[in-house]
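Scroll down for the structure; my scribbles are underneath it.
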Amino acid sequence: MVGKACEGDWEYRTDRAPVPVKVTVKKFTGDDWMIACMVPKGNMMHCMVREAEGTLKQIKYNTTDKELPVEIMEVEGLMADFFEGGITDIKREGESLRITSGEKEMVFTLDKDKSM
């Protein structure tokens, strides 16, 4: 379950894009959390989730709508589909962050560029 250790900057590297996907997890007031995602040169996606009775419920999802460079279209589409599915769980596992959205899971690693 999401906790203080999940906060921070994370990334997802894939050979489908020339740059890593960047994700930030931040605790807001009360039981609310913000998850922001961006493929550099792409759109900003963010969602708000709320902890309730041991589970997460996505309460908001927004994305900007700018034209994308061809080289990131595939990975941005993948990320948009993932976040639109509704985040239901976030767990830190060492230097990895496992996010569950609908029936899918993705594993992000600590963003080494931000932690230096």
Side-chain angles (χ1 to χ4, degrees):
M1 179 49 68
V2 68
K4 187 80 173 151
C6 295
E7 280 192 286
D9 297 308
W10 304 88
E11 64 182 13
Y12 177 76
R13 293 185 179 266
T14 176
D15 56 4
R16 295 178 179 174
V19 291
V21 175
K22 301 294 186 171
V23 171
T24 298
V25 177
K26 179 84 174 136
K27 173 95 165 131
F28 271 32
T29 58
D31 295 325
D32 292 351
W33 291 80
M34 184 269 311
I35 299 93
C37 174
M38 183 176 178
V39 181
K41 298 183 184 173
N43 288 297
M44 172 62 75
M45 297 167 251
H46 80 277
C47 54
M48 297 293 294
V49 296
R50 181 168 290 150
E51 286 182 86
E53 299 174 11
T55 62
L56 291 179
K57 179 177 168 78
Q58 188 162 306
I59 55 176
K60 186 179 192 181
Y61 171 79
N62 287 319
T63 185
T64 57
D65 188 26
K66 68 182 195 181
E67 197 167 321
L68 301 174
V70 172
E71 63 269 13
I72 65 167
M73 280 183 172
E74 182 182 1
V75 75
E76 180 155 313
L78 175 80
M79 298 310 298
D81 288 346
F82 181 75
F83 284 101
E84 286 172 0
I87 294 174
T88 55
D89 198 17
I90 302 173
K91 293 179 186 161
R92 181 160 184 174
E93 300 169 345
E95 293 205 352
S96 297
L97 188 73
R98 183 177 304 274
I99 300 178
T100 305
S101 177
E103 299 295 317
K104 300 175 186 170
E105 279 190 346
M106 291 188 81
V107 177
F108 300 84
T109 56
L110 211 51
D111 187 342
K112 303 286 189 200
D113 297 336
K114 291 275 186 133
S115 61
M116 291 181 173

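Contact of the Ile99 side chain with the Leu97 side chain is registered, since non-hydrogen atoms from C-beta on lie closer than 4.5 Å. Leu110 has its side chain within reach of Trp10: a pair of non-hydrogen atoms, C-beta onward, lies under 4.5 Å apart. Side-chain contact check for Ile87 versus Thr100: every heavy-atom pair is 4.5 Å or farther apart. When side chains are defined from C-beta on, Val49 counts as touching Ile35, because their heavy atoms get closer than 4.5 Å. Counting heavy atoms from C-beta outward, Glu11 and Val21 have side chains that stay 4.5 Å or more apart.
Rounding to the nearest 0.5 Å gives a distance of 11.0 Å between NZ of Lys27 and SG of Cys6. Going from atom CG of Asp81 over to atom OG of Ser101 covers 9.5 Å, rounded to the nearest 0.5 Å. One distance of note links CH2 of Trp33 with CD1 of Ile90; it measures 7.5 Å at 0.5 Å rounding. One finds the CG atom of Leu56 at 10.5 Å from the CG atom of Asp32 (value rounded to the nearest 0.5 Å). Note: Asp31 CG to Ile59 CD1 = 10.0 Å, rounded to the nearest 0.5 Å.
Applying the side chain to side chain contact (heavy atoms under 4.5 Å, CB included) test to Lys26 and every residue at least two apart in sequence or in another chain returns Glu7, Phe28, Met34. Shown here are the ring-ring contact (aromatic ring centres under 6.0 Å, His included) partners of Tyr12, two or more places apart in sequence or in another chain: Phe108. Checked against side chain to side chain contact (heavy atoms under 4.5 Å, CB included), Lys60 has the following partners two or more places apart in sequence or in another chain: Met48, Asn62.
Comment: Glu93 does not engage Lys91 in a salt bridge, judged by the lack of any side-chain N to carboxylate O separation of less than 4.0 angstrom. The pair Asp111-Lys22 meets the salt-bridge criterion, since a charged nitrogen lies less than 4.0 angstrom from a carboxylate oxygen.
Checking side-chain atoms of Arg50 against main-chain N and O of Ala52 turns up no donor-acceptor pair under 3.5 Å.
In this structure, Val107 shares a hydrophobic cluster with no other residue, the cluster being traced through Ile, Leu, Val, Met, Phe, Trp and Tyr side chains under 4.5 angstrom apart.
For residues 100-110, the pairs satisfying salt bridge (Lys or Arg N to Asp or Glu O under 4.0 Å) are Arg98-Glu105, with sequence neighbours left out.
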Show me the donor-acceptor pairs, under 3.5 Å and distance only, between side chains in residues 36-44 and residues at least two apart or in other chains.
from: Asn43; atom 1: OD1; to: Thr64; atom 2: OG1; distance (Å): 2.9
from: Asn43; atom 1: OD1; to: Asp65; atom 2: N; distance (Å): 3.3
from: Asn43; atom 1: OD1; to: Lys66; atom 2: N; distance (Å): 2.6
from: Asn43; atom 1: ND2; to: Lys66; atom 2: O; distance (Å): 3.3
from: Asn43; atom 1: ND2; to: Glu76; atom 2: OE2; distance (Å): 2.7

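Nearest approach of Glu95 to Arg92, heavy atoms of both residues: CA-NH2, 4.4 Å. Across all their heavy atoms, Gln58 and Gly86 have their closest contact at OE1-CA, 3.3 Å.
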